There are 4 protein chains.
Amino acid sequence: MFAPSARRKPKQRRAQQTVEAVLDAVVKILKRDGVDAVTTNRIAEVAGVSIGSVYQYFIDKRAIFLALHDRHVEEIGRLVERTIVEHAASSLENVLRALVEAVVDAHAPDPKLYELLHTEAPHRAEGARHLAERLRGALRLVISSRMGELKIPSDLESVLFVVTHMVDALSHGAVLRRPPRMSLAEAKEEAVRAILVYLRA
Amino acid sequence: MFAPSARRKPKQRRAQQTVEAVLDAVVKILKRDGVDAVTTNRIAEVAGVSIGSVYQYFIDKRAIFLALHDRHVEEIGRLVERTIVEHAASSLENVLRALVEAVVDAHAPDPKLYELLHTEAPHRAEGARHLAERLRGALRLVISSRMGELKIPSDLESVLFVVTHMVDALSHGAVLRRPPRMSLAEAKEEAVRAILVYLRA
Amino acid sequence: MFAPSARRKPKQRRAQQTVEAVLDAVVKILKRDGVDAVTTNRIAEVAGVSIGSVYQYFIDKRAIFLALHDRHVEEIGRLVERTIVEHAASSLENVLRALVEAVVDAHAPDPKLYELLHTEAPHRAEGARHLAERLRGALRLVISSRMGELKIPSDLESVLFVVTHMVDALSHGAVLRRPPRMSLAEAKEEAVRAILVYLRA
Amino acid sequence: MFAPSARRKPKQRRAQQTVEAVLDAVVKILKRDGVDAVTTNRIAEVAGVSIGSVYQYFIDKRAIFLALHDRHVEEIGRLVERTIVEHAASSLENVLRALVEAVVDAHAPDPKLYELLHTEAPHRAEGARHLAERLRGALRLVISSRMGELKIPSDLESVLFVVTHMVDALSHGAVLRRPPRMSLAEAKEEAVRAILVYLRA
DNA sequence: CATGAATGAGTGTTCATTCAT
DNA sequence: AATGAATGAACACTCATTCAT
C-alpha cells in the first residue's frame, strides 16, 4: 500500500479509539474515586461506550489493567529511548541527568496515579512488560557506547543491574518518597551524582 | 515469680493468638492460591476460628491486610535494627554487607509473598508505616557514627535519601528482578560495592 | 396506529413488569411464610427474576417495602376517590356506607397482609404518603359539598380530623379487631351510624 | 408470711431489676438510634448487664419486645382503670374527657417511641395483650354504670366496639396525626365531643 | 458490531444465640 | 447465676460477565 500508516481501516481506527477511551476512563476513575471505584460498568459509562463494547476489546477486567500498565510502560519506554537518542553525543553526566529528568517529569504531574499503576495493576501477570527491561536496554546502550571512557570492570550485566535499579528507584523515590525538607531538584541532582560516582568508580 | 512477663492475662494472650492465626492464614492462602482467594470466610476457616471472631479483632478486611503489612514492616525493621547494633564495631563495608544480606535473606525464601505484601496490601492507607522510614533511621545511625571516616559532604539528608533507596531497591531487586544469568550472591556483592563507592566518593 | 397507548416502549413495560413481579413476590412470601422469610434473594426467586435485576429497580430492601406500601396506599386511595365520585349524588348516609364498605372490602380478603403493610413496612420513611391524607381529602369533598344539609359548626378541620380517624379506625377495626360475637356487617353498620350521628349533631 | 408483698427474695428483686434495665435499655436505644440499632448485644451493653444475663430472663429477642409491649399496655391499662375509678362519680362527659386526657398525656411526651411500640414490636405474637381489650373493659364499666342516663339501644357490644376504637384512634391521632394547624387541646376537645354525641344519640 | 438489561455466584459483614469458664 | 468470647447461619448487596435484541 502507498501510505500504510496514514490511513487505517475505519474499523481499526474505531477500535483504537474505544481502547483508548476505556484506558482513559480507568485513569479518570482512579484519580477521582480510587481503585475500588473502578468497576467494569463504571469504566464503560465514563468511556462513553457500552459494557458490551468493552468486552469486545478486553477479554476481562484484568486485561484492561494490563493494557493500561503496558501503555504506561510504552510511554515511559519511548521517552527513555528518545532521550538517549537525543543525547547520543552528550557527556555521560548529561545523558543520565536527562534520563532522570525525563522519568521524574513523566511521573511528577500525577504521582499517586503512577503509584497505583505500579501497585494495583496486575503487572505480575503473564506477558506484562516490565519498565525495568526497557530501561536496562537503554542503559546498556548508554554505557556500552562509552566503554572507553568508563573502564567498566569485568561484568557489564552486574553494572546494568545496579544502574537500572538506581535510575528507577531514585527517580520514583524523588517523586514519591523524598524526605520532607528535600526539593525535587535536590533529589534529582543527588541521584545523578550517585549514579555517576558508581559508573566512574 | 521469675519471669513475670512470661505470663500475661489470658485474655490478651488469646487475642494475640487469634490475631496471629488470622495473619498467618492470609499468608498461607496468599501463597497457596493467590490474592483473589483471600476471602474473609476463607481466612477464618484456615485460621481455625469463626468468621465472627475475625471481626472481633479486625474492623474489616482492609484492617487484616494492614496488620499483615505492619507485621512485615515490623519484622524487617527489627531485623535491620538488630543488624546495625550487632555490627556497631564493624567496618562500613561489613555493616552494609550484613544489612543487604539481612534484607535479602528475609525476602528470599518467599519472594512472591513479599511482592504481594508490597503491592496488594493497602499500605497506602493512613498510618501505614513505611519500611523505608525504618531503614532510613537505621542508616542515619550507620553513617553518622562514621562521619570522620566518610567525609560526607554538605547534606546528610540527601545522602540518606540515596542510600536508603539503594539498599531497598537493590535488595529487593536482587531477590525479585535480577537479570537471568546473575546469581543472588553476585547481585548482593555488586549492590554492596555500589553503595560503598557512593558513600566513599 | 389505532391504540397508541396500548404499546409503550418495551423498556418501560419490562421495567414495570419486573417492579410488579417483585412487589407481588413480597406479598406472596409475606402471606405464606411471614415477615422474616422475606429476604431479598427469596423475593428474586419468587418474582422469577435475578437478584441483580431486583437491585436494578430498587436501591435497597427498604425501597421494596416502601414501594409496596405506596402501592397499597395508592390502591386504597383510588378506591376511596372513585367511591365518592360515584356517589356524588347519593345521600350522606349512602356515601359513608359505600366508603366504609369499600375500605372494609379492600382489606377483608387478607387482613393479616394489610396489618403487616401497616406495621412492618417502613411507612414512616421520608416521602411515604399516608393513607389518612388521601382519606381526609376525599372526606373534605364529601362534607363540604353537603355543607347546607349538615350545618357543620365552626371548624371543618376539626370535623375532618374526627371523621377521618373514625372511617379509618372503624373500618380497620371491623376487619381486624371486632369483638368475637360481632359480624362484619354489624360492625360496618354501627360504624356508619356513628359517623352519621357525629356529622349530624 | 407477714408482709408478703413488701419483701421479696433478693433473687427475685435482682431479676426484676435486670428485666427492667433491659426494657429501659431498649427504650433508650430506640429513642437515640432507631429500631435497627436495637441489637441484643447493644441492649446488654446499655442495660449494664452481660448478654448472657439477658438470655437468662428472655428466651429470645422477640420476648424482649413482647415484654416491652406488655409493659406499655400494662402501664396505659392501669392508667385507664385508675382514671375511671377516680371518676366513678363524675358526669359521662368528665370521665370521657379524663380518659382521653390520660391516654393522650401518656403518649405525648414521646410520640415516636409509642408509634414504634405499636408498629415494630411483635405485638401480633401469641399472648400479646391488646390495649384495646383493656380499654374495652374499662369503657364497658363506664357505660353500663350509666345505662339509665344513656338509653343505649339494643346492643352494648356494638357500642363498645365503636367507643373503644374512637377513644383509641382519636387519642393516638391527636398525638401523632392531627392536621398541621390543629392544637393538641382542640383535638382532644373534639374527640370528647364526638364520643359524647355518639353515646347520647 | 453495539447495546445494556439481566444474570447469579460470591462477597463482606452482622448479630442472635450458646456455652465454657 | 453471671459473664462475654466465640460461633456461624444467614443476610443484603455487588459487579464481572453474558447474550438476546
Side-chain angles (χ1 to χ4, degrees), chain A residues 10-12 14-15 18 36-45 48-65, chain B residues 10-12 14-15 17-18 36-45 47-64, chain C residues 10-15 17-18 36-45 47-64, chain D residues 10-12 14-15 18 36-45 47-65:
Chain A
K11 241 190 266 186
Q12 283 185 30
R14 219 2 179 16
T18 300
D36 292 350
V38 183
T39 67
T40 51
N41 283 292
R42 186 91 203 285
I43 291 171
E45 184 197 321
V49 299
S50 73
I51 178 64
S53 287
V54 171
Y55 277 86
Q56 199 87 38
Y57 296 105
F58 299 95
I59 185 106
D60 58 14
K61 199 192 181 187
R62 204 177 170 70
I64 301 175
F65 274 87
Chain B
K11 231 189 277 186
Q12 284 184 30
R14 202 59 167 338
Q17 275 175 3
T18 300
D36 292 350
V38 183
T39 68
T40 51
N41 283 292
R42 188 86 204 287
I43 291 171
E45 184 196 322
V49 299
S50 73
I51 179 64
S53 287
V54 172
Y55 277 88
Q56 198 109 42
Y57 296 106
F58 299 94
I59 192 143
D60 59 13
K61 198 190 181 188
R62 202 179 170 71
I64 302 175
Chain C
K11 231 190 278 188
Q12 284 185 30
R13 182 182 287 283
R14 213 27 169 3
Q17 276 176 1
T18 300
D36 292 349
V38 184
T39 68
T40 52
N41 283 293
R42 187 89 203 286
I43 291 171
E45 185 196 321
V49 299
S50 74
I51 179 64
S53 287
V54 172
Y55 278 88
Q56 198 109 43
Y57 296 105
F58 299 95
I59 192 140
D60 58 15
K61 199 190 180 187
R62 203 180 170 70
I64 302 175
Chain D
K11 241 189 267 184
Q12 282 184 31
R14 198 64 164 336
T18 300
D36 291 351
V38 183
T39 67
T40 51
N41 284 291
R42 186 91 203 285
I43 291 171
E45 184 197 321
V49 300
S50 73
I51 178 65
S53 289
V54 172
Y55 277 86
Q56 199 87 37
Y57 296 105
F58 299 95
I59 184 101
D60 58 14
K61 198 192 182 188
R62 204 179 169 72
I64 301 175
F65 274 87

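The sequence lines fix the lettering, A, B, ..., with proteins before strands; numbering per chain opens at 1. Keep in mind the model is a prediction, meaning the values are calculated, not measured.
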What is the distance, to the nearest angstrom, from the [atom1] atom on [X] to the [atom2] atom on [N]?
X	N	atom1	atom2	result
Glu45(A)	dG4(E)	CD	C1'	12 Å
Ile43(B)	dG12(E)	CD1	P	8 Å
Phe58(D)	dT17(E)	CZ	C1'	15 Å
Gln17(C)	dA6(E)	CD	C1'	14 Å

Checklist outcome for this item: Applying the Watson-Crick and G-U criteria (both distances under 3.5 angstrom) with [ ] for crossing and | for other-strand pairs, one obtains for DNA chain E .||||||||||||||||||||
Checklist entry - When you match Gly52(C) and Gly52(B) each to their closest nucleotide on DNA chain F, which lands nearer the 5' end? => result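 Final value for this comparison: Gly52(B).
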Using a cut-off of less than 4.0 Å, is there contact between a side-chain N or O of [X] and OP1 or OP2 of [N]?
X	N	result
Ser53(B)	dT7(F)	yes
Arg14(D)	dA2(F)	yes
Tyr57(C)	dA6(E)	yes
Ser50(D)	dT3(F)	yes

Item to check | Interatomic spacing from CD in Gln17(B) to OH in Tyr57(B) - rounded to 0.5 Å | outcome: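 The OH atom of Tyr57(B) is 9.5 Å from CD of Gln17(B), to the nearest 0.5 Å.
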Side chains of residues 38-45 of chain D: which donor-acceptor partners sit under 3.5 Å, not counting sequence neighbours?
unit_1   : atom_1 : unit_2   : atom_2 : d
Thr39(D) : OG1    : Arg42(D) : N      : 3.1
Arg42(D) : NH1    : Asp33(D) : OD2    : 3.3

Checklist entry - Taking all atoms of both residues into account, what is the closest heavy-atom pair of Asp60(D) and Tyr55(D), and its distance? => result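 So the two residues come closest at CA-CE2, 4.0 Å.
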Any N/O pairs under 3.5 Å between the protein and nucleotides 10-13 of chain F? List them or say none.
unit_1  : atom_1 : unit_2   : atom_2 : d
dA12(F) : OP1    : Lys61(C) : NZ     : 2.5
dA12(F) : OP2    : Thr40(C) : N      : 2.9
dA12(F) : OP2    : Thr40(C) : OG1    : 3.2
dC13(F) : OP2    : Tyr55(C) : OH     : 2.8
dC13(F) : OP2    : Lys61(C) : N      : 2.9
dC13(F) : O5'    : Tyr55(C) : OH     : 3.4
dC13(F) : N4     : Asn41(C) : OD1    : 3.3
dC13(F) : N4     : Asn41(C) : ND2    : 3.3

